[in-house]
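Because the structure is a prediction, the values reported are computed rather than measured. Note that these values count all heavy atoms, side chains included, but never hydrogens, waters or copies made by symmetry.
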Amino acid sequence: MNIHPQYDPVALALGPIEVHWYGLMYLLAFAAAFGLAWYRSTKRDAWSTDMVSDLVFFGALGVILGGRIGYVLFYQFGELLQNPAYLFRVWEGGMSFHGGLIGVALGMLYFARKYKKTPFQVLDFIVPCVPTGLLFGRIGNYINGELWGRVSDGGYNWLTYFPQAAAFDAQLMQADPTLQQLATEVSGQYLLPRHPSQLYQALTEGLLLFLLLWWYSSKPRPRMAVTGVFMLGYGFSRFIVEFFRQPDADQGFILLGWVTKGQILSAPMIIIGIVLIIYAYKRDIYDWGRQAAY
């Protein structure tokens with residue numbers, strides 16, 4: 001039986017200074033992105049360390065602003081209409097990957113214009129560095145005991161009881177008393193076994209997608225292809241893992257009784273990724289290696 005240990009949200013305290021786990025994960029994500037981008041720049045003639053510094057800065061800005069704005073627009077739009085100041089209450093949590101993706105794309109467009117590169121030259125360079133950030137972010141979700149998975153009766157050894165889900169579990173058992181046979185008492189609360197979907201996402205859209213993109217981009221590929229593989233890989237992995245992730249309580253299943261908001265936002269990524277890959281190989285333009293067009 002795996003019980004989420006309810007980690008202290010503060011990872012490190014130095015007097016009045018507190019470093020939270022989620023903040024630490026963001027720091028590790030940006031540091032990993034910079035290190036990987038710097039390494040890639042040493043293998044490309046058209047990239048410098050100063051350019052990498054600017055690129056990661058604009059990317060980080062896009063993640064933070066886009067992630068927050070996207071979360072409020074995609075998931076809490078009603079709250080925004082009632083209280084516009086909610087957008088700035090970042091201490092309450094709430095970040096959206098899809099919003100962050102849009103924010104990063106806008107940041108990359110600005111960077112491309114500044115350094116006189118095409119948008120896909122920039123995106124193809126940086127997207128292999130993105131999944132490590134997703135890896136650290138999902139680990140942060142798990143440490144915080146948020147975004148837990150759906151209830152399962154499969155008896156798998158890795159199913160987890162989340163004390164943070166106690167109130168939600170109680171509502172489920174009240175609505176469906178047959179679930180009580182799955183419950184386990186933990187510190188006076190009856191909890192249901194759930195998929196640790198945060199770790200599923202850390203593995204799929206984090207580690208596995210990173211390995212795929214790093215391998216794929218290590219050889220010359222036509223412009224747009226690396227970005228296409230990222231869009232397809234993330235969209236597909238997120239769409240699948242959504243079957244194991246508990247939908248947000250205020251969202252639920254919003255289409256056909258089983259489609260989640262995350263799947264609706266990820267489906268276009270799959271389509272766009274496939275289109276980009278096909279178009280990239282049809283154009284056959286390379287930014288480094290053979291047939292490079294600078």
Side-chain angles (χ1 to χ4, degrees), residues 25-49 51-60 62-63 97-98 100-101 103-105 107-108 111-112 117-141 198-241 266 269-270 272-281 284-292 294:
M25 292 301 107
Y26 267 92
L27 180 62
L28 291 174
F30 295 141
F34 179 83
L36 292 170
W38 173 84
Y39 176 81
R40 286 175 64 78
S41 73
T42 65
K43 308 297 181 181
R44 308 285 193 276
D45 294 333
W47 290 87
S48 67
T49 302
M51 293 170 68
V52 168
S53 297
D54 272 3
L55 185 65
V56 173
F57 172 76
F58 291 131
V63 167
F97 164 79
H98 298 91
L101 178 65
V104 169
M108 296 305 97
F111 176 91
K117 294 180 178 291
T118 70
F120 282 102
Q121 281 179 304
V122 178
L123 290 172
D124 285 349
F125 176 82
I126 197 61
V127 291
C129 309
V130 172
T132 53
L134 301 176
L135 170 64
F136 287 120
R138 295 310 179 189
I139 291 175
N141 292 147
Q198 313 98 319
L199 300 182
Y200 296 176
Q201 290 186 265
L203 176 64
T204 55
E205 69 194 42
L207 180 60
L208 294 181
L209 184 56
F210 167 72
L211 293 175
L212 171 64
L213 284 168
W214 198 257
W215 164 79
Y216 183 75
S217 64
S218 65
K219 296 180 180 180
R221 306 292 180 182
R223 186 184 296 171
M224 300 184 184
V226 176
T227 302
V229 170
F230 170 78
M231 297 287 282
L232 174 60
Y234 179 87
F236 179 77
S237 61
R238 176 66 183 268
F239 193 94
I240 297 300
V241 175
S266 297
M269 294 184 66
I270 297 174
I272 293 171
I274 293 173
V275 171
L276 286 177
I277 293 170
I278 294 173
Y279 188 58
Y281 278 96
D284 205 35
I285 297 175
Y286 290 76
D287 290 315
W288 68 284
R290 64 188 184 91
Q291 303 176 26
Y294 293 107

Phe125 and Leu55: side-chain contact (heavy atoms from CB on, under 4.5 Å), yes or no, with the steps? CA-CA 10 Å; Phe125 176 82; Leu55 185 65; 3.7 Å; yes
Hey, are the side chains of Arg40 and Cys129 touching, using non-hydrogen atoms and a 4.5 Å cut-off? yes
Ser53 vs Phe34 side-chain heavy atoms within contact, under 4.5 Å: yes
Given side chains that start at C-beta, do those of Trp38 and Thr49 come closer than 4.5 Å, heavy atoms only? yes
From Met231 atom CE to Phe236 atom CZ, the distance as rounded to the nearest 0.5 Å: 16.0 Å
Any side-chain heavy-atom pair of Tyr234 and Pro131 under 4.5 Å: no
Applying side-chain contact (heavy atoms from CB on, under 4.5 Å), run through Tyr286 and Asp284 and close with a yes or a no. CA-CA 6 Å; Tyr286 290 76; Asp284 205 35; 3.1 Å; yes
Minimum-distance pair of heavy atoms, taken over all atoms of Ile270 and Gly235: CG1-C, 3.5 Å
So does Phe111 have more than 12 non-hydrogen atoms from other groups sitting under 6.0 Å from CZ? yes
Can you check whether Glu205's main-chain N or O pairs, donor with acceptor, with Arg238's side chain at less than 3.5 Å? no
With the side chain counted from C-beta on, respond yes when Phe210 and Leu135 share a heavy-atom pair under 4.5 Å apart, and no when they do not. no
Drop me the distance from Thr204's OG1 to Leu134's CG, to the nearest 0.5 angstrom. 9.5 Å
Nearest atoms (heavy-atom pairs only) where Leu213 meets Val229: CD2-CG1, 3.7 Å
For the atom pair CG (Leu232) and OG (Ser237), what is the distance rounded to the nearest 0.5 Å? 9.0 Å
Assess Lys117 against Trp47: is NZ or CZ under 6.0 Å from the centre of the six-membered ring, and within 45 degrees of the ring's axis? yes
So, does Arg223 use its side chain to make a donor-acceptor pair with the main chain of Phe120 at under 3.5 Å? no
Shortest non-hydrogen contact from Val226 toward Pro128: CG1-CG, 3.9 Å
Could you check whether any side-chain heavy atom of Leu208 comes within less than 4.5 Å of a side-chain heavy atom of Leu203, counting everything from C-beta outward? yes
Kindly compute the distance separating CE (Met224) from CG (Asp287), expressed to the nearest 0.5 Å. 10.0 Å
Within a reach of under 6.0 Å around OH of Tyr279, are more than 12 heavy atoms found that belong to other residues, nucleotides or ligands? no
Ignoring hydrogens, what is the shortest heavy-atom contact between Ala202 and Ile139? Give both atom names and the distance. CB-CG1, 4.4 Å
Looking at Leu276 and Thr227, what are the two nearest heavy atoms and their distance? CD1-CG2, 4.2 Å
Asp124 side, atom CG; Trp288 side, atom CH2 - distance, nearest 0.5 Å: 11.5 Å
Please report the C-alpha distance between Met269 and Leu101 in whole Å, then the side-chain angles of each, then the deciding distance to 0.1 Å, and finally whether the side-chain contact (heavy atoms from CB on, under 4.5 Å) criterion is met. CA-CA 11 Å; Met269 294 184 66; Leu101 178 65; 3.7 Å; yes
Could you grab the distance from atom CD of Gln121 to atom CD1 of Ile285, nearest 0.5 Å is fine? 10.0 Å
Residue pair Ala280 / Ala225: nearest heavy atoms and the distance that separates them: CB-N, 3.5 Å
Sub-4.5 Å side-chain heavy-atom contact between Met25 and Leu28: yes
With heavy-atom distances below 4.5 Å as the criterion, would you say the side chains of Thr132 and Trp214 are in contact? no
